[in-house]
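Heavy-atom basis, side chains included; hydrogens, waters and symmetry copies ignored.
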Amino acid sequence: LRDMVAMHAELPDLWDFAHGTWEACSGTSRFKPEGAQEDLIRGLKQLTPRPVVGVGRFTSADTMVRQVRQGLMDFIGAARPSIADPFLPRKIEEGRLADIRECIGCNICVSGDFTMSPIRCTQNPTMGEEWRQGWHPDRVQPATDKTRVLVVGAGPIGIETAIELRRRGIDTLNLDQGPLGAQVVAFPPRTRWFSGPERISIAGVPLVTVDQEKATREDYLTYLRSVVTQFEVPVRTYESVTSITPIGDGFEARTQTLGGLERIVEAERIVLAVGGTARPRRLGVPGEDRPFVSHELGEAHRCFGRRVIV
C-alpha cells in the first residue's frame with residue numbers, strides 16, 4: 001500500500017483511506033476501539049502532498065484534533081459523529097466540547113439499512129426531522145402544559161428520561177420494583193464497566209473516577225445517587241407496578257410496595273424503562289426456582305465453603 005501511495009502521490013486530488021470492508025472501518029464500539037485505524041494510516045500522509053482523509057469510529061473531539069495535529073491526516077471522516085451532532089465541527093472550533101453529542105458507536109443509525117426502517121440515532125433524537133420548520137437538535141421547546149409522566153424503572157435510562165422531561169417542565173415520578181439502579185446493584189462487587197466514564201454518564205453530568213480508570217459498580221452507584229439528588233428526581237424504590245389501565249386521556253397504574261401497601265398512580269403518559277438484561281435465560285429444569293438458586297453472581301463470599309454448581 002505504501003509503495004502504491006508513493007508511486008501515485010500526486011495523482012488524486014485527495015486520498016481517502018479506509019481499511020478493509022465496511023464492517024472493518026465502521027464497526028461498533030463493542031468490537032472496535034475509537035480511532036481503530038490509526039496505526040494503519042500512520043505515515044501515509046508523509047508520502048503525498050495531497051490532503052488525506054481517514055476514518056475509524058471517531059467519537060471524541062480530542063482524538064480527532066490530536067490526529068490532525070500529529071499530522072496523521074488533514075480531515076476526519078466523521079459520518080456517524082455528524083449524525084449524532086450535525087454541529088460537531090462548529091462546536092470544536094468554538095471550544096464547546098462539553099456541548100457535543102458524542103457518537104457512541106452503537107450503529108443503530110445503519111441498522112435501518114438492514115430493516116428498511118427510517119434512520120435513527122440514540123444520541124440525537126431529532127435525527128431525520130431536519131425538514132421540520134425551526135428544527136435544531138440542541139433546542140427543545142418546553143411543553144405547553146405540564147403533564148405528569150410515570151416512568152417505570154429507576155436505572156440510568158429511567159433516571160435520564162425523567163431528568164430530560166423535567167427540564168422541559170414536565171412533572172415525573174419514577175417507580176422501581178428494586179433499588180435505584182437495580183441491575184447495576186446485581187453486579188459482583190468492584191466490577192468495572194466495559195465503557196469509559198464519558199460513555200456511561202447521564203444528563204450531562206460528568207462521571208469522574210479517582211484513578212481515571214473505567215468506573216466500578218460502586219463508582220457508578222455513587223454517581224447515580226448523586227445525579228438523582230442533584231436534579232431532585234422523585235423516585236420510589238421497592239414499589240412494583242402490578243397493572244396499568246387506560247382511563248380517559250391517561251392511565252391508572254396500580255402498585256404494591258415491598259411491605260404490601262397498595263397504591264394508585266394516575267398519569268397522562270407512562271414510560272417503560274425497565275431495562276433488558278435483568279431477565280435471566282432459564283433452563284426450564286425442576287428446582288431452578290428454589291430459594292438457594294440464584295441467577296446473579298453477586299457477592300461470591302456468600303458461597304465460601306459451599307458446594308456450588310455454575
**Student:** Report yes or no: do Phe17 and Ile76 belong to one cluster of Ile/Leu/Val/Met/Phe/Trp/Tyr joined by side chain heavy-atom distances under 4.5 Å?
**Tutor:**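 Yes, it is one cluster - the side chains of Phe17 and Ile76 are joined through contacts under 4.5 Å.
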
**Student:** Spell out, as yes or no, whether a donor-acceptor pair under 3.5 Å connects the side chain of Thr237 to the backbone of Pro179.
**Tutor:** no

**Student:** Going by salt bridge (Lys or Arg N to Asp or Glu O under 4.0 Å), name the pairs with one or both residues in residues 111-131, residues two or more places apart or in two chains.
**Tutor:**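 Salt bridge (Lys or Arg N to Asp or Glu O under 4.0 Å) check on residues 111-131 returns Glu129-Arg132.
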
**Student:** Sequence neighbours left out, what passes salt bridge (Lys or Arg N to Asp or Glu O under 4.0 Å) with Arg282? Give chain and number order.
**Tutor:**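 With neighbours one apart ignored, the set is Asp289.
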
**Student:** Tell me the salt bridge (Lys or Arg N to Asp or Glu O under 4.0 Å) pairs involving residues 175-195, sequence neighbours left out?
**Tutor:** Arg190-Glu218, Arg192-Asp211

**Student:** For Glu213, check side chain to side chain donor-acceptor pair (under 3.5 Å) against everything at least two apart and list the hits.
**Tutor:** none

**Student:** Restricting to non-hydrogen atoms, name the atom on Ala162 and the atom on Thr172 that form the minimum distance, rounded to 0.1 Å.
**Tutor:** CB-OG1, 3.8 Å

**Student:** Tell me whether Glu252 is salt-bridged to Arg254, with the criterion being a basic N under 4.0 Å from an acidic carboxylate O.
**Tutor:**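 A salt bridge links Glu252 with Arg254.
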
**Student:** If you draw a 6.0 Å radius around CG in Leu221, do more than 12 non-hydrogen atoms from other residues or ligands fall strictly inside?
**Tutor:** yes

**Student:** Once side chain to side chain contact (heavy atoms under 4.5 Å, CB included) is applied, do any residues pair with Gln46, and if so which ones, sequence neighbours excluded?
**Tutor:**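 Counting only residues at least two positions away or on another chain, Gln46 forms no side chain to side chain contact (heavy atoms under 4.5 Å, CB included).
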
**Student:** Please list all pairs meeting ring pair (Phe, Tyr, Trp, His ring centres under 6.0 Å) that have one or both residues in residues 107-129, counting only residues at least two apart or in different chains.
**Tutor:**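 Listed by first then second residue: nothing to list.
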
**Student:** List for me each residue that meets side chain to side chain contact (heavy atoms under 4.5 Å, CB included) alongside Gln177, sequence neighbours excluded, and say none if there are none.
**Tutor:** Ser240

**Student:** Shortest non-hydrogen contact from Ala61 to Leu97?
**Tutor:**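 Nearest heavy atoms, Ala61 then Leu97: CB-CD2, 3.9 Å.
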
**Student:** What's the shortest heavy-atom distance between Cys121 and Ala84, and which atoms?
**Tutor:** SG-CA, 3.7 Å

**Student:** State plainly whether one hydrophobic cluster holds both Leu224 and Val235, where clusters connect Ile, Leu, Val, Met, Phe, Trp and Tyr through side-chain heavy atoms under 4.5 angstrom apart.
**Tutor:**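 Yes; Val235 is reachable from Leu224 via cluster members.
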
**Student:** Could you walk me through whether Arg236 and Val265 pass side-chain contact (heavy atoms from CB on, under 4.5 Å), step by step?
**Tutor:** CA-CA 12 Å; Arg236 298 205 313 233; Val265 179; 3.7 Å; yes

**Student:** Above 12 or not: heavy atoms from other molecules or residues under 6.0 Å from CZ of Arg96?
**Tutor:** yes

**Student:** Please check this pair: side chain of Glu232 against backbone of Val228, looking for a donor-acceptor N/O pair closer than 3.5 Å.
**Tutor:** no

**Student:** State whether Arg80 and Glu102 are salt-bridged, where the test is any N-O pair (Lys NZ or Arg NE/NH1/NH2 against Asp/Glu carboxylate O) under 4.0 Å.
**Tutor:**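 Here Arg80 does not pair with Glu102 in a salt bridge, since their nearest N and O are not under 4.0 Å apart.
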
**Student:** Under the ring pair (Phe, Tyr, Trp, His ring centres under 6.0 Å) definition, can you give me all pairs with a residue in residues 82-109, not counting sequence neighbours?
**Tutor:**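 Those involving residues 82-109 are Phe87-His136.
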
**Student:** How far apart are the closest heavy atoms of Tyr223 and Ile200, and which atoms are they?
**Tutor:**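 What the structure gives for the nearest pair is CE2-O, 4.4 Å.
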
**Student:** Return the minimal non-hydrogen interatomic distance between Phe58 and Pro81, and the atom names on each side.
**Tutor:** O-CG, 2.8 Å

**Student:** Output yes when Lys91 and Glu94 qualify as a salt bridge under the 4.0 Å nitrogen-oxygen rule, no when they do not.
**Tutor:**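 No.
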
**Student:** Would you list the pairs meeting salt bridge (Lys or Arg N to Asp or Glu O under 4.0 Å) in which at least one residue belongs to residues 44-63, sequence neighbours left out?
**Tutor:**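 Residue pairs passing salt bridge (Lys or Arg N to Asp or Glu O under 4.0 Å), neighbours aside: Lys45-Asp74.
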
**Student:** So, taking the atom named CD1 in Ile202 and the one named OG1 in Thr161, what distance separates them when rounded to the nearest 0.5 Å?
**Tutor:** 9.5 Å

**Student:** Could you give me the CA-CA distance, side-chain angles and deciding distance for Arg66 and Thr63, then say whether side-chain hydrogen bond (donor to acceptor under 3.5 Å, both in side chains) is met?
**Tutor:** CA-CA 5 Å; Arg66 175 183 62 79; Thr63 301; 5.0 Å; no

**Student:** Which atom pair, heavy atoms only, marks the closest approach of Ala154 to Asn174?
**Tutor:** CA-ND2, 4.3 Å

**Student:** Contact between Val53 and Leu14 at the side-chain level, heavy atoms closer than 4.5 Å - yes or no?
**Tutor:** yes

**Student:** Can you sort out the partners of Pro12 under side chain to side chain contact (heavy atoms under 4.5 Å, CB included), two or more places apart, ordered by chain and number?
**Tutor:** Trp15

**Student:** With a 4.5 Å cut-off on side-chain heavy-atom distances among I, L, V, M, F, W and Y, is there a chain of contacts connecting Val151 to Leu180?
**Tutor:** no

**Student:** Report, as yes or no, whether the 6.0 Å neighbourhood of atom CZ on Arg69 holds more than 12 heavy atoms from other residues, nucleotides or ligands.
**Tutor:**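 No - once you tally the heavy atoms of other residues, nucleotides and ligands closer than 6.0 Å, there are 12 at most.
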
**Student:** Kindly determine whether Lys214 and Glu198 satisfy salt bridge (charged side-chain N to carboxylate O under 4.0 Å, His left out), including the steps that lead there.
**Tutor:** CA-CA 9 Å; Lys214 293 180 178 179; Glu198 70 280 3; over 6 Å; no

**Student:** Please round to the nearest 0.5 Å and tell me the distance separating atom OG of Ser82 and atom CE of Met127.
**Tutor:** 10.0 Å

**Student:** With the 4.5 Å side-chain cut-off for hydrophobic clustering, are Val184 and Val233 part of the same group?
**Tutor:**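 Linked, Val184 and Val233 end up in one cluster.
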
**Student:** Passes side-chain contact (heavy atoms from CB on, under 4.5 Å), Ile104 versus Gln123? Steps please.
**Tutor:** CA-CA 8 Å; Ile104 61 173; Gln123 304 306 100; 3.8 Å; yes

**Student:** Could you give me the CA-CA distance, side-chain angles and deciding distance for Glu239 and Gln256, then say whether side-chain hydrogen bond (donor to acceptor under 3.5 Å, both in side chains) is met?
**Tutor:** CA-CA 5 Å; Glu239 184 169 347; Gln256 186 175 50; over 6 Å; no

**Student:** Look at Glu93 together with Arg90 and state whether they make a salt bridge at an N to O cut-off of under 4.0 Å.
**Tutor:** no

**Student:** What pairs of residues pass the ring pair (Phe, Tyr, Trp, His ring centres under 6.0 Å) test when at least one of them lies in residues 160-214, not counting sequence neighbours?
**Tutor:** Phe187-Trp193, Trp193-Tyr220

**Student:** Between Leu72 and Phe75, is there shared hydrophobic-cluster membership here, with clusters defined by ILVMFWY side-chain heavy atoms closer than 4.5 Å?
**Tutor:**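 No, Leu72 and Phe75 fall in different hydrophobic clusters.
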
**Student:** With sequence neighbours excluded, what pairs up with Ser60 under the side chain to side chain donor-acceptor pair (under 3.5 Å) test?
**Tutor:** none

